[in-house]
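Quick notes on the structure that follows.
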Amino acid sequence: MRKLTKREVEVLRWTAEGKSSEEIAKLLNLSVNTINYHIKKSVAKLGVPNKTAATVRAALLGLFRSEEHTSELQSHSFISYAVFCLKKK
């Protein structure tokens, strides 16, 4: 797995918070195309099929732990949900 850039992690973190590409673009003052580019690169680097899987993989790898905008509770809840979904398969 190739290392994600800070921006790629930031975009995935906002995705984990439930934000759409449009909302993330407004938050970061970037274009929607740029946000989607970062998501596409993250998906490829993490070797997963889509942005949901990329967000789950990033959470499981602990990439959101040092991000200041994600609370411990939200991060913990998201990781618990991700693990639950993976165990169902």
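The structure displayed is predicted, hence computed values, not measured ones.
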Taking all atoms of both residues into account, what is the closest heavy-atom pair of [X] and [Y], and its distance?
X: Ala58; Y: Leu12; value: CB-CD1, 4.0 Å
X: Pro49; Y: Val43; value: C-CG1, 4.1 Å
X: Lys51; Y: Thr15; value: CD-CG2, 4.3 Å
X: Ala16; Y: Phe64; value: CB-CE1, 3.9 Å

For Lys45, the side-chain hydrogen bond (donor to acceptor under 3.5 Å, both in side chains) test, sequence neighbours excluded, returns Glu8
Of all residues at least two apart in sequence or in a different chain, which pass the side-chain hydrogen bond (donor to acceptor under 3.5 Å, both in side chains) check with Ser31?
Thr34
Arg57 side, atom CZ; Thr55 side, atom OG1 - distance, nearest 0.5 Å
11.5 Å
In the structure I gave you, are the side-chain heavy atoms of [X] and [Y] within less than 4.5 Å of one another anywhere?
X: Leu4; Y: Leu63; answer: yes
X: Ile35; Y: Trp14; answer: no
X: Val11; Y: Ser42; answer: no

Please list, chain by chain and in numerical order, all residues satisfying side chain to side chain contact (heavy atoms under 4.5 Å, CB included) with Ala44, sequence neighbours excluded.
none
Could you see if Tyr37 belongs to whatever hydrophobic cluster contains Leu30? Use Ile, Leu, Val, Met, Phe, Trp, Tyr and a side-chain cutoff under 4.5 Å.
no
Quick check: is Val32 connected to Ile24 through a chain of hydrophobic side chains (ILVMFWY, heavy atoms under 4.5 Å apart)?
no
Please collect all salt bridge (charged side-chain N to carboxylate O under 4.0 Å, His left out) contacts where either partner lies in residues 19-39, sequence neighbours excluded, each pair once.
none
Taking it one step at a time, do Val48 and Val56 satisfy side-chain contact (heavy atoms from CB on, under 4.5 Å)?
CA-CA 10 Å; Val48 295; Val56 170; over 6 Å; no
